[in-house]
2 protein chains.
Amino acid sequence: MNQAMPNVTRNTRQRAEVLALLREVEGFHSAQQLHQMLLARKAGVGLTTVYRTLQLLVDAGEVDSTRLPGGEQLFRRCSQSKHHHHLVCRDCGRTVEVAGPAVERWADQVAAQHGFVDVGHTLEIFGTCAECVR
Amino acid sequence: MNQAMPNVTRNTRQRAEVLALLREVEGFHSAQQLHQMLLARKAGVGLTTVYRTLQLLVDAGEVDSTRLPGGEQLFRRCSQSKHHHHLVCRDCGRTVEVAGPAVERWADQVAAQHGFVDVGHTLEIFGTCAECVR
DNA sequence: CATCTATCGACAACGACTACCAACACCACG
DNA sequence: CGTGGTGTTGGTAGTCGTTGTCGATAGATG
């Protein structure tokens, strides 16, 4: 009856595989895409585990996630650990990480004016990148 | 062979019902919620039609839509016709429409700096409103 | 090594949404 | 005020991303 501290997160092979993959790919990918890539490299990681691991990483702030207009969730390893936003190309999906301190302040201020607390926000900029215009 | 101009949108009872309902409710609702309300008032509008009508209204700019973190799409009649953003309470769903001209300019500018054209953006602010804090 | 328990993963279930397609009803025209 | 055609409807079945289930597995600790 040794009730140690049953609240640790373990270092498993599967989580290492997902992290390793995320370090190699560029831009946003869906959970299913990532799972396919893991299959291709014979990494033996189940789809369910991919979803769970990605969710863990998002919660831990190690991975960004965004949503396509269709509702599908995309993931990407953060290259900046601090808060930032994304400029995404509609056609090729190319992504630029941008920071906007002024926007952060504006959002917090507006929220405060209306009595809101514990404020967060989401901001995505969409457009067509120079490559895809041609 | 009277090929008049087969590209009109018709005024149907169902579309009127959906619009009438949207004028009566406050805040964001899902397509399914709206469909339930229509059922409750015996308005005889199918779920499929609710989805289609809402999409039409969004395209026409008469209705706002946003997405819950879970990916579910929500709809609300615009009270302002011009571009604006939303400040949404996480708990009760209360919504404030806010405008941020500075943010618009910033987004366009950042996008332009990276060679993006045809730029749009999404911005939502989340928080807990004064009511729900207590 | 033994034991505990977080984690895995194949499968089933779920929920939002869409495709399908025959029946319907809006509306311009006669 | 009929009539034709065509945009629209809506029940159902299906798609698709995601999550729940639960016995099996394998880190971590002593």
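Here the C1' atom of nucleotide C:dC17 and the CG atom of B:L47 are 8 Å apart, to the nearest Å. Whole-Å rounding puts the A:H29 NE2 to D:dT18 P distance at 15 Å. Going from atom CG of B:L54 over to atom P of C:dC17 covers 10 Å, rounded to whole Å. The interatomic distance linking A:H35 (NE2) with D:dC16 (C1') rounds to 16 Å, in whole Å. For the pair A:Q55 CD and C:dT7 P, the computed distance is 14 Å after rounding to whole Å. For the pair A:E72 CD and C:dC17 C1', the computed distance is 14 Å after rounding to whole Å. Nucleotide C:dC8 holds its C1' atom 15 Å from the CG atom of A:N11, rounded to whole Å. In this structure, CG of A:L68 is placed 16 Å from C1' of C:dA16, rounded to the nearest angstrom.
For the residue pair B:Q73 and B:Y51, no side-chain donor N or O sits within less than 3.5 Å of a side-chain acceptor on the partner. For B:E124 and B:T66, the side-chain atoms include at least one donor-acceptor pair closer than 3.5 Å.
Side-chain proximity of B:T9 to the nucleotides D:dG17, C:dA16, D:dT8 is greatest for D:dT8.
In terms of phosphate contacts, B:R15 brings a side-chain nitrogen or oxygen within less than 4.0 Å of OP1 or OP2 of D:dT8. Residue A:T12 has a polar side-chain atom (N or O) positioned under 4.0 Å from OP1 or OP2 of C:dC8. Regarding contacts with the backbone of C:dG9, a side-chain N or O of A:Q14 is found under 4.0 angstrom from either OP1 or OP2. For C:dC17, one of the phosphate oxygens OP1 or OP2 lies less than 4.0 angstrom from a side-chain nitrogen or oxygen of B:Y51.
The aromatic rings of A:H121 and A:H85 are tilted relative to each other, their planes meeting at an angle between 30° and 60°.
Within 4.0 Å (heavy atoms only), A:Q73 reaches sugar-phosphate atoms of the nucleic acid but no base atom.
Panel note: side chain B:R77, backbone B:E24; no donor-acceptor pair is recorded below 3.5 Å.
Linking ILVMFWY side-chain heavy atoms closer than 4.5 Å, directly or via other members, places A:L68 and A:F75 in two distinct hydrophobic clusters.
Residue side chain A:R10 reaches the base of C:dA6 through a donor-acceptor N/O pair under 3.5 Å, judged by distance alone. The base of D:dG20 lies outside donor-acceptor range of the side chain of A:R52, with no N or O pair under 3.5 Å.
The 5' end of DNA chain D is approached more closely, in terms of each residue's nearest nucleotide, by B:R13 than by the other of A:R67 and B:R13. Both B:L74 and A:V45 lie near DNA chain C, and the one whose nearest nucleotide falls closer to the 5' end is A:V45.
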